[in-house]
Engineer: 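Below is the structure I would like to discuss, written out as structure tokens.
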Amino acid sequence: MKDKKILLFFCIITIALIISLTLDEKDIEGIKKIIVIEKEDEENSRNNEEKENKKTKDSKKENEENKDEKIYIEKQGDKTYIKSKLESINPITDLSWTNNNSFSFNLTFEDENIKNIIYKYNAEDQKLEETFHIDGVIWEWKRANEEGIVYSNDGFDGLFYMKDKDKKKKISESQEWYNVSPDGKKIIVNGIPRNSNLESNERFIYYLENDKFKDANYIPDIDYVYSYLAASWSPDSIHIVSQIPGRDDIINVIDINKGIEKELKFGDSKLTLPTWSHDGKKLAFLIQSSKYDEYILNDLEMNYLLSDKIGIYNTDTKKLKVVDLEGKLTTSRIYWTQESGSIIIETAEIKELNDIINRNVKKIDGNVEHISILNEKKHTVLKDQIDISEDYPVHKITPLKLLENGLFLFMDIDKDVKNINIMDINKGKILSENIGYVYDISFNNNDIYIVTDEGIFVVDENLNISNLVNFKENYGENILNVDAKISPDYKKVSLYVQYDMNSEDKTFIEIKDLK
């Protein structure tokens with residue numbers, strides 16, 4: 001047995017020598033390199049494991065330290081969460097992005113009294129910063145710009161602008177209504193300015209940047225409920241459209257630097273639903289001749305005027321164009337395209353009016369029409385149907401958005417309310433998909449981003465739809481609500497996830513990369 005072992009040993013050595021003699025220098029160097037690489041890989045793997053362990057320990061340590069705060073950051077691997085120790089079901093409100101990397105939100109809690117802290121979170125360096133402290137119940141607050149907010153504690157007892165954490169500037173002693181301009185630099189207020197001895201309201205513009213007041217009594221004093229008619233800013237923050245209380249035959253277009261720029265009036269015609277184009281250069285509104293007064297449909301909240309013309313005012317040229325609907329009537333809102341070159345409106349045939357007034361029918365046929373502002377060319381996009389059984393019109397089709405590339409988004413009440421319908425009006429192709437109840441629609445290049453109660457979806461120009469985030473798959477079946485806000489550059493999304501109070505899961509914010 002011993003001789004056999006010796007013989008086997010010499011065989012192995014002989015084979016090794018033969019192999020070594022057959023290898024050239026390149027082969028030997030290759031083997032050496034493989035051995036070096038394997039050693040390096042082993043060392044890198046060990047270093048990575050040590051780094052991950054350190055990262056996990058650091059995260060755990062940071063998480064434990066943070067939990068002493070009312071709101072804290074918790075990291076789980078590559079995921080980052082903002083969580084609250086507060087037990088209330090909705091301590092966090094008003095989540096919104098301030099720029100591509102930062103968003104803000106309000107945390108409401110009770111100490112001795114109700115308090116609010118508005119936080120700013122920077123997604124790049126993963127830091128939370130307290131930006132504003134506000135005592136008392138906030139009636140509402142609006143982010144005027146990236147630096148500051150406008151708020152009121154009870155809606156009527158003073159309006160404030162806050163730019164620094166604990167310093168506020170009082171704008172008014174009281175106010176009936178106010179509107180912040182889209183550029184975040186101006187506020188129109190119907191109220192009593194600060195440090196004023198006035199006993200009744202006046203209209204004024206407050207300039208946030210230099211703390212200046214300017215009289216604006218060219219805007220009429222109007223009932224609080226209808227304040228949106230009193231001071232509707234144009235998107236370019238230069239003009240305001242207003243109507244005079246008790247007068248439905250006049251619309252005033254106001255240049256805030258010069259006063260009333262144009263009084264729009266067409267005899268005894270009623271003018272209604274003034275709507276700014278997205279570029280702020282055009283104002284569209286409905287014109288109703290008095291001969292249609294008897295056909296007014298109404299409910300407790302408003303009259304639905306049957307209009308046979310649309311007015312288009314251009315703030316650059318100061319000219320007015322009237323588009324005749326040619327034998328058709330509308331009660332519709334006016335929907336501008338994103339590029340402001342055309343509108344969508346719903347119409348019905350005039351010949352059916354007698355059936356309407358005599359209540360011989362419950363439904364009448366109509367159209368959804370696309371009208372070019374430049375040449376007044378009309379194109380029927382979809383067939384509509386209007387239910388008038390309740391004395392006010394309920395349209396089968398509700399337009400949502402129309403893009404310049406011909407994609408038209410709409411709701412159809414004959415289908416599930418959770419269906420989104422997208423039509424390519426150039427090709428006649430329609431995508432109808434049950435994706436949940438729609439909360440928000442936005443656009444990035446040719447892609448349409450849709451946030452619903454079920455997730456975040458993207459639709460490309462070829463009507464292909466993708467689910468970017470499925471809420472139930474990510475957060476479980478017992479979620480109460482998910483408030484999703486996409487960053488301006490469409491690279492990130494902040495998700496405020498709420499659960500029922502009886503759930504073991506608690507409210508949190510998660511930040512995800514949007515791919």
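Start at 1 with the first residue, then count along the sequence. Atoms considered below: every heavy atom in the structure, side chains included; atoms not considered: hydrogens, waters and symmetry mates.
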Engineer: Could you check whether atom CG of N197 has more than 12 heavy atoms from other residues, nucleotides or ligands sitting under 6.0 Å from it?
Structural biologist: no

Engineer: Please list, chain by chain and in numerical order, all residues satisfying side chain to side chain contact (heavy atoms under 4.5 Å, CB included) with T108, sequence neighbours excluded.
Structural biologist: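 Expected list: N106, I114, N116.
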
Engineer: Of all residues at least two apart in sequence or in a different chain, which pass the side-chain hydrogen bond (donor to acceptor under 3.5 Å, both in side chains) check with K265?
Structural biologist: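 If we apply the side-chain hydrogen bond (donor to acceptor under 3.5 Å, both in side chains) test to K265, skipping adjacent residues, the hits are D249.
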
Engineer: Can you tell me which residue pairs pass the salt bridge (charged side-chain N to carboxylate O under 4.0 Å, His left out) test with a partner in residues 178-190, sequence neighbours excluded?
Structural biologist: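 Passing the test, one end in residues 178-190: D183-K186.
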
Engineer: Return the CD1 to NE2 distance between I344 and H379, rounded to the nearest 0.5 Å.
Structural biologist: 9.0 Å

Engineer: Please enumerate all residues that pass salt bridge (charged side-chain N to carboxylate O under 4.0 Å, His left out) together with D324, with sequence neighbours excluded.
Structural biologist: none

Engineer: Give the minimum heavy-atom separation between I118 and T131, together with the two atoms involved.
Structural biologist: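 So the minimum-distance heavy-atom pair works out to O-OG1, 2.6 Å.
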
Engineer: Relative to each other, are the rings of F410 and F408 parallel, tilted or perpendicular (30° and 60° limits)?
Structural biologist: parallel

Engineer: Got a sec, which residues hit side chain to side chain contact (heavy atoms under 4.5 Å, CB included) with S277, two or more places apart in sequence or on another chain?
Structural biologist: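 With neighbours one apart ignored, the set is D279, K282, W336, S340.
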
Engineer: Can you tell if the side chain of I171 reaches within under 4.5 Å of the side chain of F204, non-hydrogen atoms only?
Structural biologist: yes

Engineer: Between the main-chain N or O of I373 and the side-chain N or O of K321, is there a donor-acceptor pair closer than 3.5 Å?
Structural biologist: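 Present.
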
Engineer: Please list all pairs passing the salt bridge (charged side-chain N to carboxylate O under 4.0 Å, His left out) test where one or both residues lie in residues 204-219, with sequence neighbours left out.
Structural biologist: R194-D211

Engineer: Step through the shown structure and confirm whether more than 12 heavy atoms of other residues, nucleotides or ligands are within 6.0 Å of NZ on K163.
Structural biologist: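 No, the 6.0 Å shell around NZ holds no more than 12 heavy atoms from other groups.
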
Engineer: Can you confirm whether K258 is buried at NZ, in the sense that more than 12 heavy atoms of other residues, nucleotides or ligands lie under 6.0 Å from that atom?
Structural biologist: no

Engineer: With rounding to the nearest 0.5 angstrom, report the NZ to CG distance, K120 to N122.
Structural biologist: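 Interatomic distance, K120 NZ to N122 CG, rounded to 0.5 Å: 7.5 Å.
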
Engineer: How far does NZ of K377 sit from CD1 of I371, to the nearest 0.5 angstrom?
Structural biologist: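 The CD1 atom of I371 is 13.0 Å from NZ of K377, to the nearest 0.5 Å.
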
Engineer: List for me each residue that meets side chain to side chain contact (heavy atoms under 4.5 Å, CB included) alongside K415, sequence neighbours excluded, and say none if there are none.
Structural biologist: D412, N419, N421, S432

Engineer: In the structure I gave you, are the side-chain heavy atoms of Y496 and I82 within less than 4.5 Å of one another anywhere?
Structural biologist: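 The answer is no, as the side chains (C-beta and beyond) never meet within the 4.5 Å cut-off.
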
Engineer: Is the closest side-chain heavy-atom distance between Q288 and L329 below 4.5 Å?
Structural biologist: no

Engineer: Where is the tightest heavy-atom contact between W276 and S232, given as atom of each residue plus distance?
Structural biologist: NE1-O, 3.2 Å

Engineer: Please name all residues satisfying side-chain hydrogen bond (donor to acceptor under 3.5 Å, both in side chains) with D255, sequence neighbours left out, ordered by chain then number.
Structural biologist: none

Engineer: Is K418 salt-bridged to D453, cutoff N-O under 4.0 Å?
Structural biologist: yes

Engineer: In Å and rounded to the nearest 0.5 Å, what is the CG to CG distance from N446 to L403?
Structural biologist: 8.5 Å

Engineer: Quick one: salt bridge (charged side-chain N to carboxylate O under 4.0 Å, His left out) partners of K491, sequence neighbours excluded?
Structural biologist: none

Engineer: The criterion is side chain to side chain contact (heavy atoms under 4.5 Å, CB included); which residues satisfy it with I413, sequence neighbours excluded?
Structural biologist: V394, K396

Engineer: Within a radius of less than 6.0 Å around NZ of K512, do more than 12 heavy atoms belonging to other residues, nucleotides or ligands occur?
Structural biologist: yes

Engineer: Using 0.5 Å steps for rounding, measure from the CD1 atom of I310 to the CD atom of E376.
Structural biologist: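 Here the rounded value is 9.5 Å.
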
Engineer: List in chain and number order the residues that pass side-chain hydrogen bond (donor to acceptor under 3.5 Å, both in side chains) with T398, two or more places apart in sequence or in another chain; answer none if no residue qualifies.
Structural biologist: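 Applying side-chain hydrogen bond (donor to acceptor under 3.5 Å, both in side chains) to T398 gives none.
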
Engineer: Considering non-hydrogen atoms only, spot the tightest contact between L208 and G184 and give its length.
Structural biologist: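 Heavy-atom minimum between the residues: CD1-O, 3.1 Å.
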
Engineer: Quick one: list whatever passes side-chain hydrogen bond (donor to acceptor under 3.5 Å, both in side chains) with S442, sequence neighbours left out.
Structural biologist: Y490

Engineer: Is the number of heavy atoms from other residues, nucleotides or ligands within 6.0 Å of OH (Y437) greater than 12?
Structural biologist: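 Counting other residues, nucleotides and ligands, OH of Y437 stays at 12 neighbours or fewer.
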
Engineer: Do I509 and L495 touch side chain to side chain, with heavy atoms closer than 4.5 Å?
Structural biologist: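 Side-chain contact under 4.5 Å: no.
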
Engineer: How many angstroms lie between atom CD1 of I450 and atom CD1 of I422, to the nearest 0.5 angstrom?
Structural biologist: 4.5 Å

